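Note that the structure is predicted; figures quoted are calculated from it, not measured. Throughout, numbering of the chain's residues begins at 1 and tracks the sequence.
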Amino acid sequence: MRVLTMVLIVAALAAAGWAWLFGPYWVDYFKMQDVAGSAVLSWAAYDETRGRSELAEQLKFREIPDYLTPDACRFYIEAGGIKVVDCAWTVDVYIPLVEEARRLSFSVVQSASTDGRLLK
């Protein structure tokens, strides 16, 4: 029973360490899905300028860190008039006690139809 307990403690510590190192960046990824969705819906309802303005406002409102700027997002129109906001970024996470970094790459794509509905 002692070996199993030690294995579980080590596994719990490894999971906590992973969450401490990489968790905040994954939280930003999930926040960016909402930010890009808001931007593409504003673009579909109004115009691209309004969509870009909404993107910048949502980045501040949702407290997205400075490594993610509006320049990381592209606005373009696909066939059929579908409007798309595509955000992609990378983050280098430095691991303590190890002299190397782990690069995380993220991408969020949100699109809206011509009638202003968010598409999945």
Side-chain angles (χ1 to χ4, degrees):
M1 188 58 112
R2 291 182 186 172
V3 172
L4 180 61
T5 302
M6 290 303 293
V7 168
L8 290 175
I9 289 172
V10 169
L13 289 173
W18 184 93
W20 179 72
L21 281 174
F22 301 110
Y25 304 106
W26 282 97
V27 169
D28 294 340
Y29 166 75
F30 291 115
K31 286 181 182 180
M32 277 303 293
Q33 290 181 344
D34 290 337
V35 169
S38 294
V40 77
L41 288 175
S42 290
W43 182 22
Y46 300 103
D47 59 2
E48 185 175 343
T49 304
R50 181 76 177 255
R52 289 185 183 278
S53 174
E54 179 69 16
L55 177 71
E57 289 174 15
Q58 287 294 317
L59 286 172
K60 289 178 187 173
F61 176 73
R62 295 184 187 265
E63 298 177 352
I64 303 294
D66 292 338
Y67 69 83
L68 225 165
T69 64
D71 296 333
C73 298
R74 293 184 314 130
F75 286 66
Y76 60 91
I77 299 176
E78 285 185 341
I82 295 174
K83 296 180 179 179
V84 179
V85 174
D86 182 357
C87 301
W89 67 98
T90 60
V91 179
D92 290 330
V93 181
Y94 295 95
I95 302 169
L97 305 176
V98 179
E99 294 195 18
E100 69 178 62
R102 172 79 190 258
R103 177 164 284 180
L104 301 177
S105 298
F106 297 98
S107 178
V108 171
V109 178
Q110 293 284 358
S111 55
S113 64
T114 55
D115 61 353
R117 288 180 298 126
L118 195 60
L119 302 174
K120 294 290 174 174

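- Here the closest heavy-atom approach between residue A112 and residue L41 is recorded as CB-CD2, 4.4 Å.
- Between P96 and L21, the closest side-chain pair of non-hydrogen atoms falls below 4.5 Å.
- Heavy atoms of other residues, nucleotides or ligands lying less than 6.0 angstrom from OH of Y67 number more than 12.
- Both W20 and Y25 sit in one connected hydrophobic cluster of ILVMFWY residues. Membership requires side-chain heavy atoms under 4.5 Å apart, directly or through other members.
- Of the inter-residue distances, the one linking S107 atom OG with M32 atom CE reads 10.0 Å to the nearest 0.5 angstrom.
- Grouping the Ile, Leu, Val, Met, Phe, Trp and Tyr side chains by contacts below 4.5 angstrom, directly or via other members, places F75 apart from V84.
- Taking OG of S38 as the start and CZ of R62 as the end, the distance is 5.5 Å to the nearest 0.5 Å.
- G81 and T114 get closest at one heavy-atom pair: O-CG2, 3.5 Å.
- Applying the 6.0 Å contact sphere to OH of Y76 captures more than 12 heavy atoms from other residues, nucleotides or ligands.
- Under the 4.5 Å side-chain heavy-atom criterion for ILVMFWY residues, a single connected hydrophobic cluster contains both V108 and F30.
- One distance of note links OG of S105 with OH of Y29; it measures 12.0 Å at 0.5 Å rounding.
- V27 and L68 sit in two unconnected hydrophobic clusters of ILVMFWY residues. Membership requires side-chain heavy atoms under 4.5 Å apart, directly or through other members.
- Taken to the nearest 0.5 Å, the CZ atom of R102 stands 7.5 Å off from the CD1 atom of I95.
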For a salt bridge (charged side-chain N to carboxylate O under 4.0 Å, His left out) check, start with the C-alpha distance between R52 and E48, then their side-chain angles and the critical distance, and finish with the verdict. CA-CA 6 Å; R52 289 185 183 278; E48 185 175 343; 2.9 Å; yes

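- Looking at every heavy atom in both residues, A44 comes nearest to S113 through CB-O, 4.2 Å.
- Looking only at side-chain heavy atoms (C-beta outward), T69 and W89 stay at 4.5 Å or farther from each other.
- The CG atom of L118 sits 7.0 Å away from atom OG of S111, with the distance rounded to the nearest 0.5 Å.
- By the 4.5 Å heavy-atom criterion applied to side chains, I64 and K31 are counted as neighbours.
- Placement of V109 and I77 in two distinct hydrophobic clusters is found when ILVMFWY residues are connected by side-chain heavy-atom separations under 4.5 Å, directly or transitively.
- With hydrogens and angles disregarded, a donor-acceptor distance shorter than 3.5 Å links the side chain of Q110 to the backbone of Q33.
- With rounding to the nearest 0.5 angstrom, the CG atom of D47 is 9.5 Å from the OG atom of S53.
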Assess the residue pair F61 and V35 against the criterion (side-chain contact (heavy atoms from CB on, under 4.5 Å)); give the C-alpha distance rounded to whole Å, side-chain angles, the decisive distance to 0.1 Å, and a yes or no. CA-CA 9 Å; F61 176 73; V35 169; over 6 Å; no

